[in-house]
Amino acid sequence: MTGQASLARRLSAWFGRHGRDLPWREHRTPYSVWVSEIMLQQTTAAAVRGRYEAFLERFPDLVALARASEEEVLSEVAGLGYYRRFRAMKKAAEQLVGGGRDDLPGTREELMELPGIGFYTSGAICSLAFSQPVPAVDGNVERVLGRLHAMAERVSSRRGLRAFEDRVLELMEHGEPSTITEALFDLGATVCLPRSPRCDACPLQGSCVARQQGRIDEFPTPKVATTMVDRVVVVGHLGSRRGTLFWRRPDDASRMPGFWELPECWADGFDDGVAKLVALVEKRLGARIALDEVTEMNQARHTITRHRLDCRLISLGTSTACRDEDGVLWVRDPSEIPGPVSTITKKLWRRPAAAGEA
DNA sequence: AAGACGTGGTC
DNA sequence: TGACCAAGTCT
C-alpha cells in the first residue's frame, strides 16, 4: 500500500531526473516499440543504437516490413545475433498484414499469439506503447526487484516469473506503467549493476532488503555456468572464373538459417574437418576436389553460444566445371551477396593473410 | 525445465 | 584469459 506507493513515487522521480536518452524513446508507436524490443533482446543498447534507426528507415511500418523479403530483413540485422527473433518478427508482420491489420494488436493475449513475442515483449509493448499495467520482466527488473525484495526465485521458472510480475503490478498501481517499466530498466542498467552496484545513487536504497542484509551479491541467485566446448571449423575457399563460391544455409538450419557463407564444416580436429568439408563440397556441387596439400589462407577465433571455435580458411583450389544451382553464388567479394553473410565468413574474409593468393 | 540460439563488451 | 552479462523466446 503506502510502501508500494512510496517505492513507485521514488522510482518515477528518479527516472525523471536520471532516465536515459535513447533513440527508441523519441517517437513511440506500437510498431517502433516492437522493433526496438526485438532488437534489444539479449543485446546491448550500445549495439542497438547503431542499427535501430537504419532499420526503421528501411522498414518504416508494419506494412513495409511485411512486404520486404526475409533476405532484406536479415541483411539489415546481420551481426546482431539470435536471428530467429528477426525471422519471427518478419513472419508476425506477414500474419498481421495478411489478416488485414496495419498495426500491432493492443492486448497481451493477442500479442503473445504472434511468433517471437513472449511474456516480456508483450508486457513491454503493452506498457510502453499502450500505457497498460502489464509487467515486462527482463534481466534488469529481475535484478532490481530480486535485490529489493531479496527474492530467491529466478524468472526462468513459471512461479518465479509470476512472483516478479506481481511485484511490478504492485508498483504499477501507484505509477504510470510506461514510467515504471522504463525506470526499472534504467535503474538496473545504470545503478543496480550486476557487479559493484552504485547503491548510494539508488532511490530505493533505504528499502532494499538485500542491501540491509549485506547480501546484494546473492541476488539474483547465480545461474550455473555452461561449460564451453572447443571445436574446429574448417572453411573452404573454392575459386572459379566467376569468383569465389558462397552458398546459402538451409532455412531449417538451427544456426543462422538463410545466411550466406563460404562452405564450412565443424569438427573436433583439423584433418577430420578438412576431409568432411571436401566430401560436403563435392556432394553438393558434383565437383571433384583433389587436395594433395592443404594451404591455409587465414585463421580466426569466434564464439557461438557455448562453442569456442578455431576457424581455419583453407584453399580448395580452382574449379573448372561446376553445376549451378539454387543457393550457390560465385562472387569477387562478400559485399556482392544479395543477403545476410555469416560472421565467421566475414571474419575470415576480411583478414586475407599474406598467403591469400594460392 | 534445461538448453539452444550470436555477438561484443567488461572486469 | 575467462567468466559473466545484455530490454528473451522456443522447445
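Here is how names work: the chains are called A, B, and so on, in the same order as the sequence lines, proteins then strands, and each is numbered from 1. Not measured: the values here are computed from a predicted model.
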The correct list of stems in which DNA chain C takes part (3 or more consecutive Watson-Crick or G-U pairs, distances under 3.5 Å) is B:2-5 with C:8-11, B:7-10 with C:3-6
Ionic contact status for A:R231 with A:D310, cut-off 4.0 Å: no
Choosing from B:dG8, C:dT9, C:dA7, which nucleotide comes nearest the side chain of A:T121? C:dT9
With a cut-off of less than 4.0 Å, is there a side-chain N or O of A:T44 near OP1 or OP2 of C:dA6? no
If you check every side-chain atom of A:P194, which of C:dC4, C:dA6, C:dT9 has the closest atom? C:dA6
Taking the side chain as every heavy atom from C-beta outward, state whether A:V48 and A:S36 have any atom pair closer than 4.5 Å. no
Would you call the rings of A:W349 and A:H237 parallel, tilted or perpendicular if under 30° counts as parallel and over 60° as perpendicular? parallel
Charged N to carboxylate O below 4.0 Å: is that the case for A:R108 and A:E165? yes
Base, sugar-phosphate alone, or nothing: which one does A:A47 contact when heavy atoms must sit under 4.0 Å apart? nothing
Atom pair distance, as rounded to whole Å: CG in A:L22 and C1' in C:dA6: 14 Å
When rounded to whole Å, the CD to C1' distance for the pair A:Q42 and B:dA4 reads 12 Å
When all nucleic acid strands are considered with a 4.0 Å heavy-atom cut-off, which category describes A:G188: base, sugar-phosphate, or nothing? nothing
A:D217 CG to B:dC11 C1', straight-line distance once rounded to whole Å: 16 Å
Same-atom distance (P) from C:dT9 to B:dG8, integer angstrom: 23 Å
Among C:dC4, C:dA6, B:dT7, the nucleotide that comes nearest once only the side chain of A:Y83 is considered: B:dT7
5'-most contact on DNA chain B (nearest-nucleotide basis), A:V224 vs A:T343, goes to A:V224
When A:R20 and A:M112 are each assigned the nearest nucleotide of DNA chain C, the 5'-most assignment goes to A:R20
Hey, are A:K91 and A:E94 close enough for a salt bridge, meaning a charged N less than 4.0 Å from a carboxylate O? no
Spell out, as yes or no, whether a donor-acceptor pair under 3.5 Å connects the side chain of A:R85 to the backbone of A:I38. yes
Touch class at under 4.0 angstrom, heavy-atom based, for A:P222 against every strand present: nothing
A:S36 vs A:L114, nearer the 5' end of DNA chain C by closest nucleotide: A:S36
Give me the distance, rounded to whole Å, that separates C:dC4 from B:dG3 when you measure between the P atoms they each carry. 15 Å
Let's see if you can work this out: which of C:dG8, C:dC5, B:dT7 has an atom nearest to the side-chain heavy atoms of A:M256? B:dT7
Taking the side chain of A:A189 as its heavy atoms from C-beta onward, which of C:dA6, C:dA7, B:dG8 lies nearest to it? C:dA7
Among the nucleotides B:dA1, B:dC5, C:dA7, whichever has the atom closest to the side chain of A:R84 is B:dC5
Distance, rounded to the nearest Å, where A:R308 contributes CZ and B:dG8 contributes C1': 16 Å
A:D138 atom CG is separated from C:dC5 atom P, nearest whole Å, by 14 Å
Counting only distance, no hydrogens or angles, is the base of C:dA3 paired donor-acceptor with the side chain of A:R195 under 3.5 Å? no
Of C:dC4, C:dA6, B:dC5, the nucleotide closest to the side chain of A:R255 is B:dC5
Between A:R101 (side chain) and A:L96 (backbone), is there a donor-acceptor pair under 3.5 Å? no
Can A:T121 and A:Q41 be counted as having a side-chain donor-acceptor contact under 3.5 angstrom? yes
Nearest heavy atom decides the nucleotide; on that basis, is A:R158 or A:Q41 closer to the 5' end of DNA chain B? A:R158
Parallel, tilted or perpendicular: which fits the ring planes of A:H307 and A:W266, with parallel below 30° and perpendicular above 60°? perpendicular
On the nucleotide B:dC5, are OP1 or OP2 found under 4.0 Å from the side-chain N or O atoms that A:S254 carries? yes
Side-chain heavy-atom pair A:I117, A:W34 within 4.5 angstrom cut-off: yes
Please confirm whether any donor atom in the side chain of A:Y82 sits under 3.5 Å from an acceptor in the base of B:dG6, or the reverse. yes
Please work out if A:W34 contacts a base, only the sugar-phosphate, or nothing of the nucleic acid, heavy-atom cut-off 4.0 Å. nothing
Can you find a side chain N or O atom of A:H302 that sits less than 4.0 Å from OP1 or OP2 on B:dT7? yes
Separation of atom CZ in A:R87 from atom C1' in C:dT9, rounded to whole Å: 14 Å
Atom CD of A:E142 and atom C1' of C:dG8: how far apart are they, to the nearest Å? 11 Å
What interatomic distance, in whole Å, is found between C1' of C:dA7 and the corresponding atom of B:dA2? 23 Å
Whole-Å distance separating the CD1 atom of A:I38 from the C1' atom of C:dC10: 13 Å
Does a nitrogen or oxygen in the side chain of A:R85 sit under 4.0 Å from OP1 or OP2 of C:dC10? no
